[in-house]
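A short worksheet on the structure shown next.
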Amino acid sequence: MCRWSVFVSGHGSNLGALLEIRDRYPIELVVSSKADAFAVTRANKAGVPVKIVDDEINWDELYESLQAKEVSHIFLAGFMKIVPSNFLKKWDKPIINLHPSLLPSYPGLRSIERAYKDKAPIGVTIHQVTEKVDSGDILLQQEVFSAEEAQKHSLKSVTEEVHRIEHQLVCKAVEMLCKT
Ligand code: GRF
């Protein structure tokens, strides 16, 4: 049985997509690096326990909290912190991350904007988390716009479409991982 923890820092629209399928893929704990993130409101509304972590995360304590909830899988969905290598070594179960680009292109911040400005293809990637930011084996990847197609739209509408596809892909990733 898959028991998820979703790590967030912001709006939490991807958390929202995952909350919709939580009857099949339960979310045991939402971990937020920001107390006032809208993601926290979403989790509270859904009645899912939330743990707010400090700016300086106590990863040992967080590990214990996850173990106490018998979490098996971690999804970083807009989590703006780096997971340290000693936590990754200790956590021997899946940890995946969502990123709004066709990795390995455009890791890091403002990926959609940078790819759009470079007239590059635009997409979404879900990958295993490793010590290096936005790297690790790719689980799912989808092009949302070819380079040419993206330029026919505004950056705003490209961004909205990327988020819409993200919401589909996060659910697909959860289904994929929980089948195996
Ligand atoms: C998403 O675009 C995700 O790819 C990136 O951060 C954003 C989080 O959005 N890592 P939300 O908080 O899920 O709305």
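Each ligand, and each atom within it, is numbered from 1 in the order the structure gives.
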- Query: Salt bridge between K117 and E113, side-chain N to carboxylate O under 4.0 Å?
  - Reply: yes
- Message: Students often mix this up, so state it plainly: with edges at 30° and 60°, are the rings of H73 and W4 parallel, tilted or perpendicular?
- Response: tilted
- Message: Which label fits H11 and F38: parallel for a plane angle under 30°, tilted from 30 to 60°, or perpendicular past 60°?
- Response: parallel
- Task: Not counting sequence neighbours, list each pair that qualifies as a disulfide bond (SG atoms under 2.5 Å apart) and has a residue in residues 1-60.
- Result: C2-C178
- Query: Under the ring-ring contact (aromatic ring centres under 6.0 Å, His included) test, which residues partner F79, sequence neighbours left out?
  - Reply: F7
- Pairing residues for S105 by the side-chain contact (heavy atoms from CB on, under 4.5 Å) criterion, not counting sequence neighbours: none
- Message: Residues around ligand 1, heavy atom under 4.0 Å from any ligand atom, sorted by chain and number. Can you pull those?
- Response: H11, G12, S13, N14, G78, L98, H99, P100, H163, E166
